[in-house]
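Okay, structure first, notes after.
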Protein chains: 2
Amino acid sequence: MSISKKPQLIEKALIAFNKGGYQAVGMDRLAKETGTSKTSIYKHFATKEDLIVAVLNHRDEKFRNWFVNRIEELADTPIGRLLASFDALDEWFQGDDFLSCMFIRASCEYLDREHPIHKASERHKRLLTAYVIGLAEQAGAAEPGKLARQLMLLKEGAIITAHIHGPDCVAANAKAAAKILIDHYMNN
Amino acid sequence: MSISKKPQLIEKALIAFNKGGYQAVGMDRLAKETGTSKTSIYKHFATKEDLIVAVLNHRDEKFRNWFVNRIEELADTPIGRLLASFDALDEWFQGDDFLSCMFIRASCEYLDREHPIHKASERHKRLLTAYVIGLAEQAGAAEPGKLARQLMLLKEGAIITAHIHGPDCVAANAKAAAKILIDHYMNN
DNA sequence: TGTTACATTTACTGATCGGTTAATGTTCCA
DNA sequence: TGGAACATTAACCGATCAGTAAATGTAACA
């Protein structure tokens, strides 16, 4: 495999891990599903752990990019965007390949907060939170950090709930709660 | 192992799975950590999957029992209890053995919603939700189901956030959001 | 055409996976 | 004391785990 095919390997590994789980998908199966021999995979990544971290960082970039762009398509005011973020979530939940969040799942399989895979998940959530804080600041909320973190709690909760019980009504309910919180922090 | 030691086996297996994860803890390690030979374990449980389901059902009973009792110790009005549930969460988060929620983690390792282990997790969350709905009804909230489900989103989000980023401020922030939501549904 | 360099495959390592078989205690009653 | 019943152990099963070594294929350049 030439060096230029590394991104394709990461992309295919992402699909495999998303579908099957990090521990459950072994390197042999990964080689099969990516169409790349194990030896070639290990040319690019020293360990499975390194590959997973690369997959997560790729996912981070792709997801945040999609999320922000979608939100900006859906609304053009800060408050509108804070709310629209839940519509974007709903689209994600309703998709065929939604199997919870790859970062939450990673942190559940690699429990130690100091584990590189766990840290990659922490980073993703921190960056997402920073984006929401920015929106809350633009909106002129009384306590933007507090509001943003509360909205993030609703988002994480919605992800878990949509995965465990199914996606119906979950994002809409989270959005309704978000509306109440936003209204509170904009009038106090 | 006599039949009477089955509960102890479940209890020890719970600790092992909580500490190490469901897939990561193999049956050999489980035998070592529970002090029970594999053959004896398989006398009580046909498969590892059956054992995990038994562990989860035990955890469900134990956790809900603790949760409800703690809440009723902390407050004696329905609204007080809705809020106190977040203080109980905080106590859980701050404990030494907090490694996210065993049911969330189970649903993350066994992704298929039809999988028995996933279903056991769904059941636990459904029963918890039912309890919170009951409190919201007692409180006389305008839309008790909606309020309760929104509070549940905050709880699930808090669990994930406390696990990924650490427990500091998480439950308190969720409680602050809960206060706003409760206030809204009690005055409208 | 011969050679160097690199990509890729096959076959393998020891360890561990979930689960089973056969042998060895141990207990209890006749 | 003999033996049926049951609990427990150790050894083993084929499959798979993450990772590696050796062999093979392929391309570029001299």
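Because the structure is predicted, anything quoted here is derived from the model rather than measured. To find a chain, count down the sequence lines: A is the first, B the second, and so on, and within it residues start at 1.
Checking D/dA18, D/dT9, C/dG18 against every side-chain atom of B/Ser40, the shortest atom distance belongs to D/dT9. Listed nucleotides D/dG19, C/dG18, D/dT9 differ in distance to B/Ser37; the shortest reach to its side chain belongs to D/dT9.
Distance B/Ile117 CD1 to C/dG18 P: 11 Å, rounded to the nearest Å. A/Gln23 has its CD atom 16 Å from the C1' atom of C/dA15, to the nearest Å. Per the geometry, NZ belonging to A/Lys38 stands 18 Å off C1' belonging to C/dA7, to the nearest Å. Taking atom NZ on B/Lys48 and atom P on C/dC17, their separation rounds to 8 Å, with Å as the unit. Distance, A/Lys32 NZ to D/dT16 C1': 11 Å, rounded to whole Å. Between B/Met27 atom CE and D/dT16 atom C1' there is a gap of 17 Å when expressed in whole angstrom units. One atom, OH of A/Tyr22, and another, P of D/dA18, lie 15 Å apart when rounded to the nearest Å. What separates CG of B/Asp28 from P of D/dA11 is a distance of 13 Å, to the nearest Å.
The aromatic rings of B/Trp66 and B/Phe63 sit tilted, their planes meeting at an angle between 30° and 60°.
In this structure, B/His163 and A/Leu111 have side chains that are in contact, with non-hydrogen atoms separated by less than 4.5 Å.
At the phosphate of C/dT9, neither OP1 nor OP2 sits under 4.0 Å from any side-chain N or O atom of A/Thr39.
With hydrophobic clusters built from ILVMFWY side chains whose heavy atoms lie under 4.5 angstrom apart, B/Met27 shares a cluster with B/Val53.
One finds a salt bridge joining B/Lys19 and B/Glu33 here, because a Lys/Arg side-chain nitrogen approaches an Asp/Glu carboxylate oxygen to under 4.0 Å.
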